[in-house]
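Sequence lines set the chain letters: A, B, ... in the order given, protein chains first and strands last, and positions in each chain run from 1.
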Amino acid sequence: MGTERKRKVSLFDVVDDSLAKKVKSNGGANNSVANALINRWNARPYSQRYFDILEKRKTLPVWHQKEEFLQVLKDNQTLILVGETGSGKTTQIPQFVLDAVELETPDKRKKMMIACTQPRRVAAMSVSRRVAEEMDVTIGEEVGYSIRFEDCSSARTVLNLTSGFHRYLTDGMLLREAMTDPLLERYKVIILDEAHERTLATDVLFGLLKEVLKNRPDLKLVVMSATLEAEKFQGYFFGAPLMKVPGRLHPVEIFYTQEPERDYLEAGIRTVVQIHMCEPPGDILVFLTGEEEIEDACRKITKEISNLGDQVGPVKVVPLYSTLPPAMQQKIFEPPPPPLKEGGIPGRKIVVSTNIAETSLTIDGIVYVIDPGFAKQKVYNPRVRVESLLVSPISKASAHQRSGRAGRTQPGKCFRLYTERSFNNDLQPQTYPEILRSNLANTVLTLKKLGIDDLVHFDFMDPPAPETLMRALEVLNYLGALDDDGNLTKLGEIMSEFPLDPQMSKMLVVSPEFNCSNEILSISAMLSDECVLLGCHQQLSSLGSMPPVGMHHRILIPNCFVRPREAQKAADEAKARFGHIDGDHLTLLNVYHAYKQNNEDPSWCYDNFVNHRALKSADNVRQQLVRIMARFNLKQCSTDFNSRDYYVNIRKAMLAGYFMQVAHLERTGHYLTVKDNQVVHLHPSNCLDHKPEWVIYNEYVLTSRNFIRTVTDIRGEWLVDVAPHYYDLSNFPQCEAKRVLEKLYKKREKEKEETRSRR
DNA sequence: GAGCACTGC
């Protein structure tokens, strides 16, 4: 047998002496957890087991400060408002604001609006509903929301306003509005909520609003944030006054381990078991980094606790991550299981979650939080233009946010699986804002459209690396969105209107020239929806336990649900049904066509292992793209399906957008990305039946190897035709691809000469 | 022959 991993028990393992003895007397001979617990118990004095409470909260009702708040807002253009979760600022402050400012415009008949931004759609929606309720008005009349695909604050209502109007929207939506209304003139007050989250849109809005405020002395800005960075915000916004809103959370005791943990997953599981054995009733929330890890942990926790037998209460172990379908996410709100027998030990709910439970989803009843201190975070490498996800240590702010999740309904405890020293010395105070971790091509395009010409001197709160900006400008220039002086071109103007990456917008805008805009629209919609290809969970949850199969014949369901062989068979069937040998993009198109031909029938989707919910949302995206195309008179057209050029045209159009994402098959059998010369591998989910000499890819993923995912076969000749400016050999690194391209250029020259001499 | 943190337009 393999070597058994040595258990390392951390300091808060043993809480109660008598319980440890009880475990021993019950003869847990097969129970390694109990044994480890007892050994450790014997080895350490109790006094060393705990560190002390770190964070205690004062409670002072926000409402005492209302008058002060109104006065400060009257006297200042910008105000920073700091408050913990649960302070009620999100619903209360906008209402105060309404009392504080005169919403009438010089034209007395017109009223103005208050914008309140949130980083997430659900929040914008639910907060506006709650406020409407509190104000006792119908949603959409005095309070409304505006998110992508859904505007619940129609222009008609707003025009007829007799009082002020609160509009809750996502930060991204406000940024969109700024593109057509640069001074945001419809708003009298703008409230940026959850500003500490520092989303890309929030950061761009920061810089933009600083400019707008200078040009609109009547505009008020309220920046609402959690505590830690308040002074930084203050400094950035012209030393604006800062007000504090006390929180209403219960105190949370923080515990650290005395020594670093080698294996956070194992330590997390062990801590869950310890809490379950030793702590009073209350649900547990464990933070882990991803789907696979979470499913794995759920299985292990269930197993270990069932090994304990009836000396402990029953548990309900629930996974939580965003790709889980809503029906299964709902399980986190179910009550803990009842005692096994009357008067027995009460049950416990154990939620094992990604960062989604840190901010996006709130679970009441959590008393214990286990924080191993890691999360998957996006990082961007401008040198090779690759964004990837990396498991990395969280920030102090994030740790703080996690621990707060234990104190929503009663005093709680947070177990940090790292040392206090590590917390103080190793964790950075804040998570790096997204703008420092992203490819900024799209952001730069938006900024250009907003009229920001000098990006280098744009007042970012945290300026991105110059190399990242250079890369973005370069990409946009190659795509023809910016001219050589960095000015927005007509093409760039149109591209900026699409809620897509620049490569994809470019492909869409030029697709009519290749006589295939209908097909490119479908492919774009399918690509921009995150999980069209992963039908598994949805099927499982809605229709029973069928083999979980995505169109990429991936097997994503934990093996406990299905035997791999069956899943593989079903996957192969699905592949045979829709797979296009020339590439994954074309396979996506096949799926979309089949879906439409079968009248969008959910049971057809089920029978064919495709995700109905995802296809519906892709269709929604497609409709939005169609509307934008129509606005710019870009015609919708298709090549005759029976023509040999049908797929050729589609592949060429894709290349017109993605010519910078091409890989060449070397004689060694490896793919090298063109120009960047990175060794990459076709992701095994591809549906090609051969290894093409040239491929375009949609995504570059760094996992166990460098993979390119969603790939399509293209021809070298097309590179020379479609993007000669990028495939300019005088500016090209020495490589095999270059030599092949040289031949292709010569071939083209020869053909040209021949046609000339024939004339 | 591998596996999508979380958002957003």
Side-chain angles (χ1 to χ4, degrees), chain A residues 117-124 146-151 169-180 194 197-205 287-296 320-324 353-361 374-379 387-392 394 398 401 431 434 437-438 442-443 445-446 449 495-502 504-505 528-534 536-537 548 550 552-559 564 568 571 614 620-621 624-625 628 681-687 699 701-710:
Chain A
T117 76
Q118 288 283 331
R120 283 168 291 276
R121 281 189 220 163
V122 271
S146 172
I147 57 177
R148 188 181 185 184
F149 305 127
E150 210 178 327
D151 189 355
L169 30 54
T170 50
D171 48 10
M173 203 66 189
L174 186 63
L175 200 55
R176 283 273 140 188
E177 289 186 357
M179 283 169 56
T180 48
E194 313 290 355
E197 288 194 27
R198 303 289 304 274
T199 66
L200 258 176
T202 298
D203 268 24
V204 174
L205 282 171
F287 285 101
L288 290 176
T289 64
E291 172 178 340
E292 206 180 333
E293 199 175 85
I294 285 167
E295 294 290 354
D296 186 34
L320 177 64
Y321 42 87
S322 74
T323 48
L324 208 61
S353 171
T354 59
N355 258 358
I356 192 171
E358 197 177 302
T359 46
S360 310
L361 269 170
F374 290 94
K376 276 193 189 171
Q377 289 176 304
K378 186 167 73 178
V379 288
E387 272 183 350
S388 50
L389 288 171
L390 213 64
V391 175
S392 29
I394 59 168
S398 183
Q401 178 71 24
T431 309
E434 206 186 351
R437 297 183 284 120
S438 308
N442 207 10
T443 305
L445 185 61
T446 306
K449 169 70 189 176
M495 281 167 59
S496 74
E497 295 286 330
F498 288 92
L500 304 169
D501 278 345
M504 203 181 280
S505 334
S528 44
D529 194 284
E530 72 281 12
C531 54
V532 167
L533 309 175
L534 312 174
C536 51
H537 302 303
H552 268 198
H553 48 278
R554 278 185 226 162
I555 303 155
L556 282 177
I557 280 290
N559 293 334
Q568 188 61 55
N620 208 359
V621 172
Q624 189 189 25
L625 300 179
I628 300 171
H681 305 270
L682 300 182
H683 195 277
S685 64
N686 80 77
C687 62
E699 228 183 334
V701 285
L702 296 176
T703 48
S704 54
R705 302 165 97 179
N706 293 352
F707 287 109
I708 47 176
R709 191 161 54 193
T710 316

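- Distance from the side chain of Glu291(A) is smallest to dA5(B) among dG1(B), dA5(B), dG8(B).
- Ser322(A) comes within 4.0 angstrom of the backbone, heavy atoms only, and of no base.
- Residue-level contact check: Arg148(A) touches the bases, meaning some heavy atom is under 4.0 Å from a base atom.
- Legend: residues meeting side-chain hydrogen bond (donor to acceptor under 3.5 Å, both in side chains) with Ser392(A), ordered by chain and number and at least two apart, are Gln377(A).
- With DNA chain B read from its 5' end, the first of the two nearest nucleotides for Pro499(A) and Leu320(A) is the one closest to Leu320(A).
- Remark: Arg120(A) pairs with Glu197(A) by the salt bridge (Lys or Arg N to Asp or Glu O under 4.0 Å) rule, at least two apart or across chains.
- When the P atom of dA5(B) is taken as reference, atom CD of Glu358(A) falls 15 Å away, rounded to whole Å.
- Side-chain atoms of Thr446(A) and Ser496(A), non-hydrogen and from C-beta on, never get closer than 4.5 Å to each other.
- In this structure, Leu389(A) reaches the bases: a heavy-atom distance under 4.0 Å links it to at least one base atom across the strands shown.
- Among the heavy atoms of the strands lying under 4.0 Å from Ile147(A) are primed sugar atoms or P, OP1, OP2 only; no base atom is included.
- Candidate nucleotides dA2(B), dC6(B), dC9(B) were compared by shortest atom distance to the side chain of His683(A), and dA2(B) ranks first.
- The side chain of Thr199(A) places no N or O atom within less than 4.0 Å of a non-bridging phosphate oxygen (OP1 or OP2) of dT7(B).
- Each of dT7(B), dC4(B), dA2(B) was ranked by its minimum atom distance to the side chain of Arg709(A); first place goes to dC4(B).
- Glu293(A) and Tyr321(A) share no donor-acceptor pair across their side chains, judged by distance under 3.5 Å alone.
- In terms of position on DNA chain B, the residue among Arg705(A) and Lys376(A) whose nearest nucleotide sits closer to the 5' end is Arg705(A).
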